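The structure displayed is predicted, hence computed values, not measured ones.
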2 protein chains.
Amino acid sequence: MSDKDPEKQAGQSQRRSGCPISFSLDIFGDRWTLLILRDLLLHGKRQFRELAGSEEGIATNILSDRLKRLEVSGVLVRERDPNDRRQVIYTTTEKGLGLIPVLLELAAWGAIHDPQTDAPEDFVATYAKDRETVIARTRKKHQR
Amino acid sequence: MSDKDPEKQAGQSQRRSGCPISFSLDIFGDRWTLLILRDLLLHGKRQFRELAGSEEGIATNILSDRLKRLEVSGVLVRERDPNDRRQVIYTTTEKGLGLIPVLLELAAWGAIHDPQTDAPEDFVATYAKDRETVIARTRKKHQR
DNA sequence: CTGGATCCCAATAGATACTG
DNA sequence: CAGTATCTATTGGGATCCAG
């Protein structure tokens, strides 16, 4: 967090290897980033306040930090609402939309192995079937 | 790490919400766990030494900690090699095998968006096509 | 108001050295 | 070989402050 090192401020947290999985994890391999992307991509949230209000209770400094990193990584863009200049709006890019399959696989695995999920098969069947629908819906919602 | 608290030794790091994505991330939402699973599931590694030798250079205490957590979560089992009692062998369970699609989506996204990956489309095409092959191969290798 | 930035301090992750 | 111990660095929570 509170970072004095200009190297890091610039964004590049330097990668650990040439592996594409490692590349992905260097961007969203932590406990919060994918939850933020879930809210943006699957729950249609777009504002800081909405994201901060999620069930898991992310701290505002962490949310702020992750949004910045995602912007630097090109997964989302930050801009003002043209209708209400006070509002900041976060919009996922194509690069961000590409993460929907990752989120759905994560959700599918969780639903199957989480004893708290009621009907895991239904969940998986629904989201597997509607994958393209989810992507289309999010793309529409996140138009600029 | 070095943990005196019996609550935590028991394993349950307590979940943050009822969301299946959050459930998944509570298990492997960190910078290392999915790299270990990559090595087990996609690279056929089975021993501590092999896992410790990966390109990313994981510290042995972290590796040890993550393997313990994954065992508690039921993603893998730890046992001695019957042929060589000195060897410890890590074997993925069905629950663990279920993570292969997650890893492949992660790899696909990384390959497409990583400027260092040469032929991202080929990568995706190959792994998308061979998904079942990968699962079958890993299941065979991780038989007990 | 919303969207953060900052500070403090606790908790966790991690690198390195060392051991049964 | 397969870890543990120790010590340091980083992250995270919570409150508070502040600019537009």
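- The separation between A:I62 atom CD1 and D:dA15 atom P is 15 Å, rounded to whole Å.
- Listed nucleotides: D:dA2, C:dT16, D:dA15. Nearest to the side chain of B:N61: C:dT16.
- Distance B:R78 CZ to D:dC1 P: 15 Å, rounded to the nearest Å.
- The distance from atom CD of B:E79 to atom P of D:dA2 is 13 Å, rounded to the nearest whole Å.
- B:H113 places no side-chain N or O within donor-acceptor distance of the main-chain N or O of A:V75, the cut-off being under 3.5 Å.
- In this entry the distance linking CG of B:D26 with P of C:dT12 reads 13 Å, nearest Å.
- Formation of a donor-acceptor pair under 3.5 Å by the B:T33 side chain with backbone atoms of B:G29 is not found in this model.
- The interatomic distance linking B:L67 (CG) with D:dT4 (P) rounds to 10 Å, in whole Å.
- In this structure, A:Q47 does not reach the C:dT2 phosphate: none of its side-chain N or O atoms is under 4.0 Å from OP1 or OP2.
- Residue B:K68 places its side chain closer to D:dT4 than to any other of C:dA13, D:dA2, D:dT4.
- Here the C1' atom of nucleotide D:dG3 and the CD1 atom of B:I58 are 13 Å apart, to the nearest Å.
- Candidate nucleotides D:dT4, D:dA2, C:dG14 were compared by shortest atom distance to the side chain of B:W32, and C:dG14 ranks first.
- Toward the 5' end of DNA chain C, the nearer of the two residues A:F48 and A:R31, judged by each one's closest nucleotide, is A:F48.
- Between A:R86 and B:I89, the residue anchored nearer the 5' end of DNA chain D, judged by the nucleotide with its closest heavy atom, is B:I89.
- Within the 4.0 Å cut-off from OP1 or OP2 of C:dG3, not a single side-chain nitrogen or oxygen of A:R46 is found.
- Checking the phosphate oxygens (OP1, OP2) of D:dA19, no side-chain nitrogen or oxygen of A:R85 falls inside 4.0 Å.
- Between the CG atom of B:D65 and the P atom of D:dT4 there is a distance of 10 Å, given to the nearest Å.
- A salt bridge links A:D30 with A:R66; the closest basic N to acidic carboxylate O contact falls under 4.0 Å.
- Across all strands shown, A:S64 has heavy atoms under 4.0 Å from sugar-phosphate atoms exclusively, and none from any base.
- When the options B:D39, B:I36, B:L35 are evaluated for a side chain to side chain contact (heavy atoms under 4.5 Å, CB included) with B:I58, the one that passes is B:I36.
- Of the possible donor and acceptor atoms, one in the side chain of B:T93 sits under 3.5 Å from a partner among the backbone N and O of B:K95.
- OP1 or OP2 of D:dC1 has not a single side-chain nitrogen or oxygen of B:Q87 nearer than 4.0 Å.
- Relative to the side chain of B:V88, the nucleotides D:dG3, D:dA5, D:dG13 differ in distance, and D:dG3 lies closest.
- Atom CG in B:L63 sits about 15 Å away from atom P in C:dA13, given to the nearest Å.
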